[in-house]
Trainee: 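Dropping the structure in here first, questions after.
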Amino acid sequence: MTTTAPEKQTRDYFPTEDEYQKLLGRRTRFGHTVRLTLLLMLTIAVVGLGILLYTIIDDSFGLVAVINENEPEDILAAYGYDPATTTLNDLNKEQLVEVLAGSVSSGVGRRLERDQRFFEDRLVFETQEKWDEVCASDDPPAGCDGGVRSKGNVVDLVQERVIRPDIVAASGLTGSILNPDRFKEKVQQDFVDNPDNYEPFTYEDVRYTWRAWFSWKFITSPASDRPEIAGVRTAVLGSIWLVIITVLFAVPVGVGAAIYLEEFARPNRINDLIQTNINNLAGVPSIIYGMLGLAVLVRILEPITSGSLFGEGAPNGRTILSAGLTLGLLTLPVVIISSQEAIRAVPNSLRQAGMGLGATKWQTVRSQVLPVAIPGILTGTILAVARAIGETAPLILVGAAGFITVSPSGPFSQFTALPIQIFQWTSLPQEEWRHLAAAASLVLLVLLLTLNAAAVLLRNRYSRRLT
Amino acid sequence: MNDTTETLSVDTADMPPDPTLTAAPTAMKNARETPEEAGPGVIETKNMDVFYGDFKAVADVSMNFAFNEISALIGPSGCGKSTVLRSLNRMNDLIPTARTDGEVLYHGANIYAPGVDPVEIRRRIGMVFQKPNPFPKSIFDNIAWGAKINGFKGSKADMKDLVEGALRQAALWDEVKDKLNESGLSLSGGQQQRLCIARAVATQPDVILMDEPCSALDPIATLRIEELMLELKENYSIIIVTHNMQQAARVSDRTAFFNVELDTKGQRTGYLVEFSPTDQLFTSPKEKATEDYITGRFG
C-alpha cells in the first residue's frame, strides 16, 4: 500500500489510532475527575452554609427549664380564682391590673403608669394631682400622650413582674425533639450537684416549656438584663437607621464619582492615581475605617455628629450619624467600583448615538447610559450595603452602646446595632444569652434577605423595562 | 439588483446607464460641474490632517461636498475614510487623543474654530453608524429623544407628527405604526438601521453622515437603505463611507477614493487620491491607483 504525502505527515504529527483511542479514554476520565472535584467543592460550600444555618436555627428554638418566682396557680388561688378552671388569660384587664398592683412596689407601678396608662378614665398608681403636675412639666413622660395598655400588654407585665420566670437551663431544637429526657436529667443532676445556685428553689419548682427565642415579641422588645424578656428592638432599629444613612451617603456619592471617572475624567496621571487609590481602599480592613470614624467623625466633627450645632442634644459624637457615615465610607469604594463596571459595560455605540444626535455628554449619560447601567449599579450597591449591615468592628470603635434600652429616635441618637448586640450577648457566660444571640443572628439574616430580595425585585423591574 | 451588481462589478469601461437609478439622476450627473468649479459646498475641508496621539491617520485632505448630493468615500481598509467622516461632525472629539488640523468649513464657517460647540455641529450634521444602534427604548422615544434634548417646544401632538414624519422619511412608518411603544431592539437589523436614520432625520440636520450603514445588513435590507438614501437626497446632503464599490456606484453622485501609504517608520497614513463624479471615477479614473482599486487589482 502506497501512502500519499499528506497522510504521511499526519502519521508523523498525530498518534496512531490505538494511541489516540487510549489518549481519548484518558482525556475523558480526566474530565470526569475534574467535574467530580468541582462538585465536591460545591458540596463543601453548601454543607458549610447548611451547618451554619442549622446551628443558628437549632439555638433559636427549644425546651427551657423555668423556675417561676410565683406560680400562676398560686397567684390565681390567692386572688380567689379556681386554678383548675381559670388561667391568667381568662381574667379581664381590671382583674389583671389588680393582681399586678398587689405585687409590684408603688414606685415600679408609678413608672409603668408613666410609660403608658392602664385605663383611660382612672389612674392606678398615681394620684391625679401628681399626674397633672408631671404632665405639665417640661419633659412629660410618654404616658401623658394618652395611649392605654392593652390586655395582652398587662398579661405580659404580670408574667414579667409577678410570676417572674427565671430560665435556669435551655436546650437546642434537635436535643429537645429527639432526647428531651436527657436535657431534663442534666438539669436535675445540676440541682443535685450545685443546689446552692438555685436557693431557695428545688428541682420540684422547675417547669419545662417550649420557647421560641426567635419570635415577634423578641423582635419588638427592647434590650433587657433579663434574658426572659430581652429583645432586639433597639438593635434592629439601630441597624435600620445605619442602613438608611449609609445608603443616603454612599449611593449618591459613589455613583456620582463612578459616573465622573467613567464618563468625564480624562486619562491623566491624577485620575489614574485616584482610580488606583479607590481600588486599594476597597480592600482596607473595616477596623481602619472605624479608626477614621473615631478620629474624624466622632472627635473632630463632634459639633456636627452630636447634633449640637443643630440644637440637638447628644452628649458626644458617638451617634448613629457618625456610625452611618463610617459605614458609608467603608461602602463607598465598593459602590464606586461596581458602578464603574456597570457603566463601562454599556455599549459605546449608545454613547455615540446620543452624541451624534447633538446631545450633550450629560444628556447622553443621563438618558442613555445610566438607564442601561442601573441594574448593574443596583446589584453592586446592594452587595456593598449588605456587607455594611454585618460590620461590627468599626461600630465598636465609633462607639456603639453595648446595652441600651431606648429606641433610637434620629441620626443624633446613641445606638446599638444587631451585630454589636450579637457580639455582646455571645460574650456573656450564661447559656440563655447564647440562644438570644442565635435568635438575633436569625433576625440579622432575615433583615439581609429582605433587603436583597427587595433589591433583586428592583433590579428585575429595571431590566425588564429595557428590553 | 443583480443586473446592477454585475454591470458595475468588474469592467466599468463601457457601463450602460443603470436602469434602477432612472435616467434623470444620470442626466443630472453629467450636468454637474467638477468640485473645483462648483463653489463652496455644504462642507469643505481644507488641508485637513487627523492625528491619534502622534500617529497621523490621514494627511492633507481637501474636499468639497456639494449640497443635496450623495458623496461616497471608498478605499482599502485603514485608509482613514471613516476617520475623515467622523472629523466632519467632530465625532472624533470623543476619542481623547484625536486631533484635527486644517479647516473643516460648514456653510463657510470652520467647525474647529475656538468657541464652536461640537454639540451644535452634531445636531446640524447627523450621523448613522455602521452597526444599527437604536436606544433600548420604545420606537417612539428613539425618535422623540433627539428632538427633546434639542429643545423641542411643540405639543404632544406636534411630537407625534414629528415622529411620524421622520418614520415616513425613513420609509419605516408603515411597518411600525402599530407598535410605536415596542422596543426599538425588537425590530429586524434593516428596520433598526432605518430607525436610526429616522432618528437622525428627526433633529432636522442638513447633512447626514453614514459610516458603512449597510455592512451589517442583508442585500434586501441594503437595497431598501439605498433607495431611502436616494429619496433623502432631495432634502439632505449625504456623505457615506462604504466598503462596497457597487454601492458607491449605485447611489452616489460623487466618489472619493482614499489610499494608504506606509511611511519610513512603518506608520500607515491615509490620503485622498481623487474625488470625481461617480460615473467618471468608475469609467475613466484620473489616477492609476484608483483604476487598480476599482478593477480589483488590490484592496
Side-chain angles (χ1 to χ4, degrees), chain A residues 258-276 339-379 458-467, chain B residues 53 85-86 88-97 117-138 141-152 166 182-186 192 195-205 208-211 216:
Chain A
I259 293 174
Y260 180 81
L261 283 171
E262 278 305 307
E263 299 289 344
F264 295 97
R266 299 213 151 227
N268 58 32
R269 209 169 266 251
I270 296 173
N271 288 325
D272 286 352
L273 194 72
I274 290 174
Q275 181 73 60
T276 314
S339 302
Q340 275 186 288
E341 300 280 354
I343 292 168
R344 210 175 301 147
V346 176
N348 227 351
S349 62
L350 285 183
R351 294 185 184 85
Q352 297 204 339
M355 303 291 286
L357 284 175
T360 61
K361 184 91 202 188
W362 170 241
Q363 284 175 319
T364 307
V365 171
R366 165 72 191 77
S367 303
Q368 307 304 345
V369 178
L370 283 187
V372 181
I374 273 184
I377 292 178
L378 278 178
T379 312
L458 203 67
R459 189 184 62 199
N460 289 350
R461 232 192 62 197
Y462 268 106
S463 308
R464 243 205 321 280
R465 240 179 42 186
L466 292 170
T467 43
Chain B
L85 189 79
R86 296 165 58 91
L88 300 182
N89 70 343
R90 296 192 61 171
M91 281 302 277
N92 264 349
D93 291 15
L94 301 188
I95 302 166
T97 55
D117 191 341
V119 169
E120 185 194 348
I121 300 300
R122 293 184 201 122
R123 183 254 153 107
R124 310 257 176 235
I125 307 175
M127 187 140 194
V128 176
F129 298 86
Q130 183 170 359
K131 218 178 122 217
N133 57 354
F135 299 127
K137 295 175 185 277
S138 72
D141 287 340
N142 255 284
I143 292 165
W145 189 72
K148 270 184 210 151
I149 49 135
N150 280 302
F152 186 78
E182 284 178 31
S183 167
L185 296 172
S186 66
Q192 287 189 12
L195 179 63
C196 292
I197 292 173
R199 183 174 68 183
V201 163
T203 59
Q204 299 181 345
I208 301 176
L209 308 180
M210 298 188 178
D211 190 354

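A note on names: the letters A, B, ... follow the listed sequences, proteins ahead of strands, and every chain is numbered from 1. Values below: every heavy atom of this structure, side chains too, minus hydrogens, waters and symmetry copies.
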Trainee: Taking all heavy atoms of B:W145 and all of A:A359, pick out the closest pair and write down the distance.
Mentor: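 The answer is CH2-CB, 3.5 Å.
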Trainee: Checking B:R199 against chain A: side chain, backbone, both or neither under 4.5 Å from a heavy atom?
Mentor: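 Both backbone and side chain of B:R199 come within 4.5 Å of chain A.
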Trainee: Does any backbone or side-chain atom of B:F129 lie under 4.5 Å from a heavy atom of chain A? Answer side chain, backbone, both or neither.
Mentor: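 The side chain, not the backbone.
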Trainee: How long is the span from the CD atom in B:Q130 to the CD atom in A:Q352, to the nearest 0.5 Å?
Mentor: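 Between B:Q130 CD and A:Q352 CD, I get 10.5 Å after rounding to 0.5 Å.
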Trainee: Tell me every residue that passes salt bridge (Lys or Arg N to Asp or Glu O under 4.0 Å) with A:E263, counting only those two or more places apart in sequence or in another chain.
Mentor: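 Testing A:E263 for salt bridge (Lys or Arg N to Asp or Glu O under 4.0 Å), a comparison that skips the adjacent residues, returns A:R351, A:K361.
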Trainee: Just to verify, what does A:R366 make a side-chain contact (heavy atoms from CB on, under 4.5 Å) with, not counting sequence neighbours?
Mentor: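 By the side-chain contact (heavy atoms from CB on, under 4.5 Å) rule, A:R366 matches A:W362.
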Trainee: Can you list the residues of residues 264-272 of chain A that sit under 4.5 Å from chain B, counting heavy atoms only?
Mentor: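 Contacts with chain B: A:R266, A:P267.
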Trainee: Find the distance between CZ (B:R122) and CG (A:L357) and round it off to the nearest 0.5 Å.
Mentor: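 If I round to the nearest 0.5 Å, the distance is 11.0 Å.
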Trainee: Report which part of B:P134 has an atom under 4.5 Å of a heavy atom belonging to chain A: side chain, backbone, both, or neither.
Mentor: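 Backbone only.
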Trainee: Can you name the residues that form a side chain to side chain donor-acceptor pair (under 3.5 Å) with A:T364, not counting sequence neighbours?
Mentor: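 Scan of A:T364 (side chain to side chain donor-acceptor pair (under 3.5 Å), adjacent residues dropped) gives none.
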Trainee: Look at the side chain of B:K137 and the backbone N and O of A:S367, then say whether any donor-acceptor pair between them is shorter than 3.5 Å.
Mentor: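 Between the backbone of A:S367 and the side chain of B:K137 there is a qualifying donor-acceptor contact (under 3.5 Å).
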Trainee: Considering all heavy atoms of both residues, which atom of B:V119 and which atom of A:G358 are nearest to each other, and what is their separation?
Mentor: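 Where B:V119 meets A:G358 most closely, the heavy atoms are CG1-O, 3.2 Å.
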Trainee: Closest approach of B:N133 and A:A353, non-hydrogen atoms and distance?
Mentor: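 The answer is ND2-CB, 3.3 Å.
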